There are 2 protein chains.
Amino acid sequence: MPESPEQSSLDSYNPKEFDTPIYSVDIAIFTLHEGQLKVLMVERNEYPYKDYWALPGGFVDLKKDSNINATARRKLVSKTGVDAPLLEQVSTIGNAHRDPRHWSITTLYMALIPYAPTAEFIEAVNEARWFPIEEIEQLQLAFDHSELLQLARERLKNKTAYTVLPIHVLKRPFSLSQLQKAFELLMDTELEKKSFRRRLLNADVLKEVGEGIPDGGKGRPAALYEPADGSENHLFVRVFGD
Amino acid sequence: MPESPEQSSLDSYNPKEFDTPIYSVDIAIFTLHEGQLKVLMVERNEYPYKDYWALPGGFVDLKKDSNINATARRKLVSKTGVDAPLLEQVSTIGNAHRDPRHWSITTLYMALIPYAPTAEFIEAVNEARWFPIEEIEQLQLAFDHSELLQLARERLKNKTAYTVLPIHVLKRPFSLSQLQKAFELLMDTELEKKSFRRRLLNADVLKEVGEGIPDGGKGRPAALYEPADGSENHLFVRVFGD
DNA sequence: GCAATAGTGTCTGTTAGACAATATGCG
DNA sequence: CGCATATTGTCTAACAGACACTATTGC
């Protein structure tokens, strides 16, 4: 950290208050599109890691942000153009080497969002792009963002097994088949149709809002659902897909 | 990035305007003693909140700590005299008002530790003290530490329902009855004896290491156990005590 | 009718809850 | 023996996995 600007004037300040690490937030924003789980990445245009892909993120704005969740939300909105139905903390990682310039700390968030409302905005600002998750896992990302992404991906998988998290990546209303597909992509495993339907329908987390043929356009029309009030917090007593 | 910390003017340093928040860690250290769940608190001897009880915690030492977990562990050891068998992150809280002096962020950890090895050390350094959890919930704590403690308490309760977390508050070896008591205190609920034994014995998380009468001293001798290798990570597919 | 998708019936296996019953130690 | 604690037996209920089956649409 010799190049850190704080270092030069350290002597004149109380080290206990002043010698503090750099703090930022990073967000893994997930969606579903073309039958794939995708994550939003931004291309860095500054050193270090210039031209590398990175998770969206940034520093706390002490004037604008009343808390760190607000920081995450502000960054999310600035990249996607809209708010996300799910934004939550995953973990905080801090060490001496993750940023070559500083001892630095980041709080990692994950967000889930339906693809549609973001598509146009993201096309317009060319620094951001949706990547299929398998594709991004091949690339070398900026800083420790490969590890951060891995952490978020794990959390996503785990929580999907005992919550209704995947409702947040779907446009409303949705059919049970679409919802099952969302569960399967987020968990990265196949689920048994009958078990899936029984579990969701018995849990009182969905309300039926009609019937129709979802976008694909073939076969028998499906019942369409929206999340019931408070369903976001539903916890199943047993994990699913084991 | 416009929000890069390098832009700040160090010459006119003012904690409230400096553009990076203050960062610290706080730890809720739990143990079991006298049939109660207890938490370690320290008395502040500086303003603000002088003479208030607070969670142990402190700032990252950029020289000593290679990462924030190391910061937490260092603080833990300095208060208890020993390392803890379980130390994990709960959540990170940051906002403009939790510390009256600064926009500040803390990463909250929780730790579990058997009572015995800590007792002597804590008696010797009079700034720290074990409080029964019910007692501390009545007191007004420093900063937002009541809320932090509440968060850690909730996490403890929730994780006990699908892991073997409570093995970390017991001295080894322990009997199943002692372990059940630990589960009950951490979850704050009574458990059914047969269900408890079946669950633990079928999960392959304990190894029998003998037989004896634990400290109480009455009744039939019990089989004694220690955690099996890797048992700390065991996840039950179903939550317990519902 | 056929293809494609939605939805159901039913059997099995696992595991928690309830609670009665039995076992082993000490005095 | 009687008390205290440990350990087991057994029935029931909830719910996931498996998989075959029926239902409804468009062509």
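In the text below, chain A, chain B and the rest are named by the order of the sequence lines, each starting its count at 1. The shown structure was predicted, so the numbers you read here are calculated from the model rather than taken from an experiment.
Of all non-hydrogen atoms in Ile122(A) and Trp130(A), the two that sit nearest each other are CD1-NE1, 3.3 Å.
With sequence neighbours excluded, the residues that form a side-chain hydrogen bond (donor to acceptor under 3.5 Å, both in side chains) with Thr107(B) are Tyr23(B), Thr92(B). Shown here are the salt bridge (Lys or Arg N to Asp or Glu O under 4.0 Å) partners of Glu88(A), two or more places apart in sequence or in another chain: Lys159(A). Under the salt bridge (Lys or Arg N to Asp or Glu O under 4.0 Å) criterion, Glu135(B) pairs with Arg129(B), not counting sequence neighbours. With sequence neighbours excluded, the residues forming a salt bridge (Lys or Arg N to Asp or Glu O under 4.0 Å) with Arg73(B) are Asp83(B), listed by chain and number.
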For residues 201-210 of chain A, please give each side-chain donor-acceptor pair under 3.5 Å, one per line with the distance, not counting sequence neighbours.
{"unit_1": "Asn202(A)", "atom_1": "ND2", "unit_2": "Arg198(A)", "atom_2": "O", "d": "3.3"}

### Message
Return a single string for nucleotides 8-16 of chain D, one symbol per nucleotide in 5' to 3' order, where B is base contact, S is sugar-phosphate-only contact and - is none, cutoff 4.0 angstrom on heavy atoms.
### Response
BBB----BB

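Sorted by first and then second residue, the side-chain hydrogen bond (donor to acceptor under 3.5 Å, both in side chains) pairs involving residues 27-42 of chain B (not counting sequence neighbours) are His33(B)-Lys38(B), Glu34(B)-Lys38(B). Residue pairs satisfying the ring-ring contact (aromatic ring centres under 6.0 Å, His included) criterion with at least one member in residues 219-242 of chain A, sequence neighbours excluded, are listed as follows: His234(A)-Phe236(A). Applying the ring-ring contact (aromatic ring centres under 6.0 Å, His included) definition to pairs two or more places apart or across chains, none involves residues 150-180 of chain A.
dA16(C) atom C1' lies 13 Å from atom CD of Gln180(B), rounded to whole Å. One atom, CG of Leu200(A), and another, C1' of dA6(C), lie 15 Å apart when rounded to the nearest Å. The distance from atom CG of Leu235(B) to atom C1' of dT15(C) is 16 Å, rounded to the nearest whole Å.
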### Task
Could you check Arg98(B) against Glu147(B) for salt bridge (Lys or Arg N to Asp or Glu O under 4.0 Å), going step by step and ending with a plain yes or no?
CA-CA 11 Å; Arg98(B) 57 181 301 279; Glu147(B) 289 153 55; over 6 Å; no

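Of the possible polar contacts, one joining the Thr106(B) side chain to the Ser24(B) backbone as a donor-acceptor pair under 3.5 Å is found. Panel note: side chain Gln89(B), backbone Ser91(B); no donor-acceptor pair is recorded below 3.5 Å.
Residues from residues 164-173 of chain B placing a heavy atom under 4.0 Å of any atom in DNA chain D do not occur. Heavy-atom distances under 4.0 Å link DNA chain D to no residue of residues 182-191 of chain B.
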Restricting to nitrogen or oxygen on both sides, can you table the protein-nucleotides 24-27 of chain D pairs closer than 3.5 Å?
{"unit_1": "dT24(D)", "atom_1": "O4'", "unit_2": "Arg220(A)", "atom_2": "NE", "d": "3.4"}

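In Lys181(A), the NZ atom is not crowded: 12 or fewer heavy atoms of neighbouring residues, nucleotides or ligands sit closer than 6.0 Å.
Between Ser177(B) and dT5(D), a side-chain N or O to OP1/OP2 separation shorter than 4.0 Å is absent.
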